[in-house]
Amino acid sequence: MIEISRLQKSYQGKAILKGIDLQVGRGEVVVVIGPSGSGKTTLLRCINGLEPFSSGTIQIGSLELTPGTFKEAAVTKVLQSVRRKVGMVFQQFQLFPHLTALENIILAPLKVLRMERAQAEARARTLLQRINLAGKEHCYPGTLSGGEQQRVAIARALAMEPDALLLDEPTSSLDPELVGEVLSVISDLASQKYTMMIVTHQIGFARSCASRVLFLDDGEIIEQGSPLEVLEAPQSERAKNFLRHFGQSARLTG
Ligand SMILES: Nc1ncnc2c1ncn2[C@@H]1O[C@H](COP(=O)(O)OP(=O)(O)OP(=O)(O)O)[C@@H](O)[C@H]1O
Ligand SMILES: [Mg+2]
């Protein structure tokens, strides 16, 4: 589904991703953890074609991104296809404030997929039901809670029926009492075997939903494995130190 090979990315000469190799299979839920500045957001943005990179390849189904992709004249076409296959959900929701929940959800299906309005609206209503927001279709983002806005953002991404969803700290700008409602929508997707890569510090959620956990530090994948392996029995000092902050596993405190 997603195959990344020797991905390197620098900002102003500073290496941010230092040769990432990663494969994500259909139906996998990969949770990415790691300290601030380790390159988690950059990795997701590269996969979504939002960031050019210096070397390596990112394969999404039959599409391939290389450093050259961003220089070609046809670049927007390839990147549009990538973003159609891979949806992205951001920490700050990034809904269009002047559009209602329903309009936010149908915009890309109308413009990009050229779907009939009636069909797009019917699907948007189904999605709103699925995220427990039936009845809120005509609300503007400013009148919705953070948790509601983030759920609309997830529905907006799903409306394009992407093959995979990338979520970058989807709950970290929410008040604690709103985190659960967003995680529950993501858990539902996970139980339906929706392919996802999720950057999150919700360790409990990672433990219950991830098929694999990656620990990224300083632009490298330091550890990866089952939640049990990485969260409960990390091998590297760096992962142990990082997880200690979350008060994980008694084994780590010894
Ligand atoms: N547009 C940019 N220009 C220059 N440097 C950048 C840019 N975006 C990110 N960086 C740098 O790249 C590194 C990785 O950033 P990234 O946002 O991917 O980290 P992160 O793991 O997502 O961190 P956080 O947990 O704080 O969100 C950081 O050192 C950051 O300062
Ligand atoms: Mg980030």
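First listed ligand is number 1; within each ligand, the first listed atom is number 1. For the numbers below, each heavy atom of this structure counts, side chains included, while hydrogens, waters and symmetry mates do not.
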In a table with atom names and distances, give each donor-acceptor pair under 3.5 Å that connects a side chain of residues 27-38 to protein atoms at least two apart or in another chain.
unit_1 : atom_1 : unit_2 : atom_2 : d
Glu28  : OE1    : Gly25  : N      : 2.7
Glu28  : OE1    : Arg212 : NH2    : 2.9
Glu28  : OE2    : Arg212 : NE     : 3.0
Glu28  : OE2    : Arg212 : NH2    : 3.2
Ser38  : OG     : Pro35  : O      : 2.7

- prompt: When clusters are formed by joining ILVMFWY residues with side-chain heavy atoms under 4.5 Å apart, either directly or through shared neighbours, do Ile105 and Met115 land in the same one?
  reply: no
TODO: Kindly say whether Thr100 contributes a backbone atom to a donor-acceptor pair with the side chain of Asn104 at under 3.5 angstrom?
DONE: yes
Ionic contact status for Asp218 with Lys18, cut-off 4.0 Å: yes
### NZ/NE/NH1/NH2 to OD/OE distance under 4.0 Å, Arg238 and Glu223
no
- Strictly by modelled atom types, are Ser173 and Gln91 linked by a side-chain donor-acceptor pair under 3.5 Å? no
Parallel, tilted or perpendicular: ring planes of Phe242 versus Phe215, cut at 30 and 60 degrees = tilted
Near the Mg ion (ligand 2), meaning under 2.8 Å, the protein N/O/S atoms are Thr41 OG1
What one should report as the nearest heavy-atom pair of Ser54 and Ser10 is OG-N, 3.5 Å
With sequence neighbours left out, the residues meeting ring-ring contact (aromatic ring centres under 6.0 Å, His included) with Phe96 are none
Using heavy atoms and a strict 4.0 Å limit, residues surrounding ligand 1 turn out to be Tyr11, Gln12, Lys14, Ile16, Pro35, Ser36, Gly37, Ser38, Gly39, Lys40, Thr41, Thr42, Glu169
